[in-house]
Amino acid sequence: MFLGFFDLLRAGGLMVSLGEWMTLMEALNKGLCSEGLSSFYFICRSLMIKSEADFFSYHKAFMEYFENVIEASETPIPPELIKWLNSPSETPGNFDEETARQNLSKELDEIRRMFAERLLEQKEEHNGGSRWIGTGGMSMFGNSGNSPIGIRVGGKSVHRRAFEVFGERHFEDFREDSVITPRQLQLAFKKLRQFSNQDEAPKDELDLDATIDETCNNAGTLTLSYKRPRKNSVRLLLLMDSGGSMDSHRALCAQLFNAVHSTNHFSDLKIYYFHNCIGKYLYKSPEMNYSDKIESQRILNELTSNYKTIIFGDAQMNPYELTDTYYGQSGMDYFKAFKAKFKHIVWITPEQMVYRPGSWYRMSYDMLCKEFDMYVMTIEQLEAAFKKLMVNR
């Protein structure tokens, strides 16, 4: 069964063993994939793919092999509906609390069933209503509406309330240049220690790989080889932008905080917060309460220069915040002071800069790019940032 899929996986460089394939066949025989193609996608990936780095290759092979099945399973939508849904008309804000409460009380499967019925019944444009697929209004189907839950069709995300997007495949793309997901974040941080340097401790830890090589070179005579132990010596200073334009990345900031705290690969960890620019004070909490403040100069004086430093923020603020002087120093002066103290420092942004070069909206970003090595929070760039932190130059 699906032997062509097995061959396609192997042809794509995925090391799928016969044992793993037989386990998948056993899962099929026991009905574990009875919920449909999505269920099969994830069970197959769980059983046969050993590394998240291979997820994209698996995704590509799956989409290629099952392309006709996926297309046949998608409910068609009239092109006329898509045309006007992608260009929603201006509709008044007609939020209705009782309708919102009723919508929230419906189960997701019921909403999907109702949506399928609307697709079969609807023949014309509807705007501002509560039943049909349209724009505005309290309908659970369409876009730019006020329902607290529903299925978005066409248009762009506005309130981010839809639990599904029609026509969007739910098979994830794990390319290394895609924006990192929360579950990958902790694994990525664990790599930081892999790039750390071993200190000058005595060579008293058995090096298994070198022992095997030396033994083979000596015609099978056991030759033990030792290496210096890798000690937990990484010290991390994390400076996080909080508030303003970073509010839309609040969930990612929380995941970053939790990932750093749950990773036990740092001998010391310091986390401080600022809003847009580092100023006279940093703060011990993202709320930046007055009682949590600590002088930036005190941090510069007390911490040793061997802290690996990560600045996390979108680097988007009014340029005057970088150039105007407060307490005798500008925002850029404070950033430069931290750069001068901590030689191993990188800046990580939550997403790719979207404004064109030369735009006023990216002026502050361009100014900071001249001072810091800037990385986007993707798997590939996060690893590159960690490597940059660990080099001795």
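Position 1 is the first residue of the sequence; numbering continues from there.
The minimum heavy-atom distance linking V376 with E351 is given by the pair CG1-C, 3.7 Å. What you find for F40 and Y58 is that their closest heavy atoms are O-OH, 4.3 Å. The shortest non-hydrogen separation linking C277 to E321 is SG-O, 3.5 Å. Looking at every heavy atom in both residues, P319 comes nearest to W360 through CD-CZ2, 3.7 Å. Here the shortest heavy-atom pairing between T223 and T211 reads O-CG2, 3.4 Å. Scanning all heavy atoms of the two residues, the minimum distance from T309 to L389 falls at O-CD2, 3.6 Å.
Side-chain contact between M48 and L9 is present, with heavy atoms from C-beta onward closer than 4.5 Å. Side-chain contact between Y361 and V354 is absent, with no heavy atoms from C-beta onward closer than 4.5 Å. N306 places a side-chain heavy atom less than 4.5 Å from the side chain of R235. Side-chain contact between F335 and L322 is present, with heavy atoms from C-beta onward closer than 4.5 Å. In this structure, F338 and L282 have side chains that are in contact, with non-hydrogen atoms separated by less than 4.5 Å. Looking at Q381 and T378, their side chains come closer than 4.5 Å, going by heavy atoms from C-beta outward. Under the 4.5 Å side-chain criterion, counting only non-hydrogen atoms from C-beta, T349 is not in contact with F312. Between R362 and Q316, every side-chain heavy-atom pair lies at or beyond the 4.5 Å cut-off.
Atoms CZ and CH2, from R10 and W21 in turn, are 11.0 Å apart once rounded to the nearest 0.5 Å. K293 contributes atom NZ, which lies 7.5 Å from atom NZ of K280 (distance to the nearest 0.5 angstrom). I271 CD1 to I310 CD1: the interatomic distance, rounded to the nearest 0.5 Å, is 10.0 Å. Atoms CE and CE, on M246 and M240 in that order, are 6.5 Å from each other to the nearest 0.5 Å. Note that OH of Y283 and CG of L239 are 14.0 Å apart. Values are rounded to the nearest 0.5 Å. The distance from atom CG of D241 to atom CG of N276, rounded to the nearest 0.5 Å, is 5.5 Å.
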- Would F5 and Y65 satisfy ring-ring contact (aromatic ring centres under 6.0 Å, His included), going step by step from the backbone distance to the final call? CA-CA 6 Å; F5 181 46; Y65 187 81; 5.5 Å; yes
- Message: Walk me through whether M317 and H275 qualify under side chain to side chain contact (heavy atoms under 4.5 Å, CB included).
- Response: CA-CA 9 Å; M317 70 282 293; H275 176 57; over 6 Å; no
- Could you walk me through whether F115 and I133 pass side chain to side chain contact (heavy atoms under 4.5 Å, CB included), step by step? CA-CA 8 Å; F115 176 62; I133 302 170; 3.7 Å; yes
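There is a path of hydrophobic side-chain contacts, each under 4.5 Å, that joins M367 to M374. Taking hydrophobic clusters as Ile, Leu, Val, Met, Phe, Trp and Tyr residues chained together by side-chain heavy-atom distances below 4.5 Å, L208 does not share a cluster with L224. With hydrophobic clusters built from ILVMFWY side chains whose heavy atoms lie under 4.5 angstrom apart, W132 does not share a cluster with M138. Under a hydrophobic clustering in which Ile, Leu, Val, Met, Phe, Trp and Tyr are joined whenever their side-chain heavy atoms come within less than 4.5 Å, directly or via other members, M22 and L8 fall into different clusters. Under a hydrophobic-cluster definition in which Ile, Leu, Val, Met, Phe, Trp and Tyr are linked whenever side-chain heavy atoms come within less than 4.5 Å, directly or via other members, M15 and L18 are assigned to different clusters.
Listed by chain and number, the residues in a side-chain contact (heavy atoms from CB on, under 4.5 Å) with N289 are S285, E287, S291, D292 (sequence neighbours excluded). Residues forming a side-chain contact (heavy atoms from CB on, under 4.5 Å) with K270 (at least two apart in sequence, or on another chain): L237, D268, Y272, L303, Y307. Legend: residues meeting side-chain contact (heavy atoms from CB on, under 4.5 Å) with Q297, ordered by chain and number and at least two apart, are L300, N301.
Looking at S139, its side chain never comes within 3.5 Å of a backbone N or O of G129 through a donor-acceptor pair. Judged by distance alone, the side chain of D333 and the main-chain N or O of S330 form a donor-acceptor pair under 3.5 Å. Using modelled atom types, no side-chain atom of W347 and backbone atom of C369 make a donor-acceptor pair closer than 3.5 Å. Of the possible polar contacts, none joining the N218 side chain to the G220 backbone as a donor-acceptor pair under 3.5 Å is found. Between the side chain of R152 and the backbone N or O of F141, no donor-acceptor pair lies under 3.5 Å. Listed for the E20 side chain is a donor-acceptor partner under 3.5 Å among the backbone atoms of S17. Between the K339 side chain and the E371 main chain, a donor and an acceptor come within less than 3.5 Å of each other. Within the 3.5 Å criterion, the main-chain N or O of P286 finds a donor-acceptor partner in the side chain of S242. Using modelled atom types, no side-chain atom of S305 and backbone atom of F342 make a donor-acceptor pair closer than 3.5 Å.
Ring centroid separation for the pair Y41 and F62 comes in under the 6.0 Å cut-off.
Inspection of the D207 and S225 side chains reveals no N or O donor paired with an N or O acceptor under 3.5 Å.
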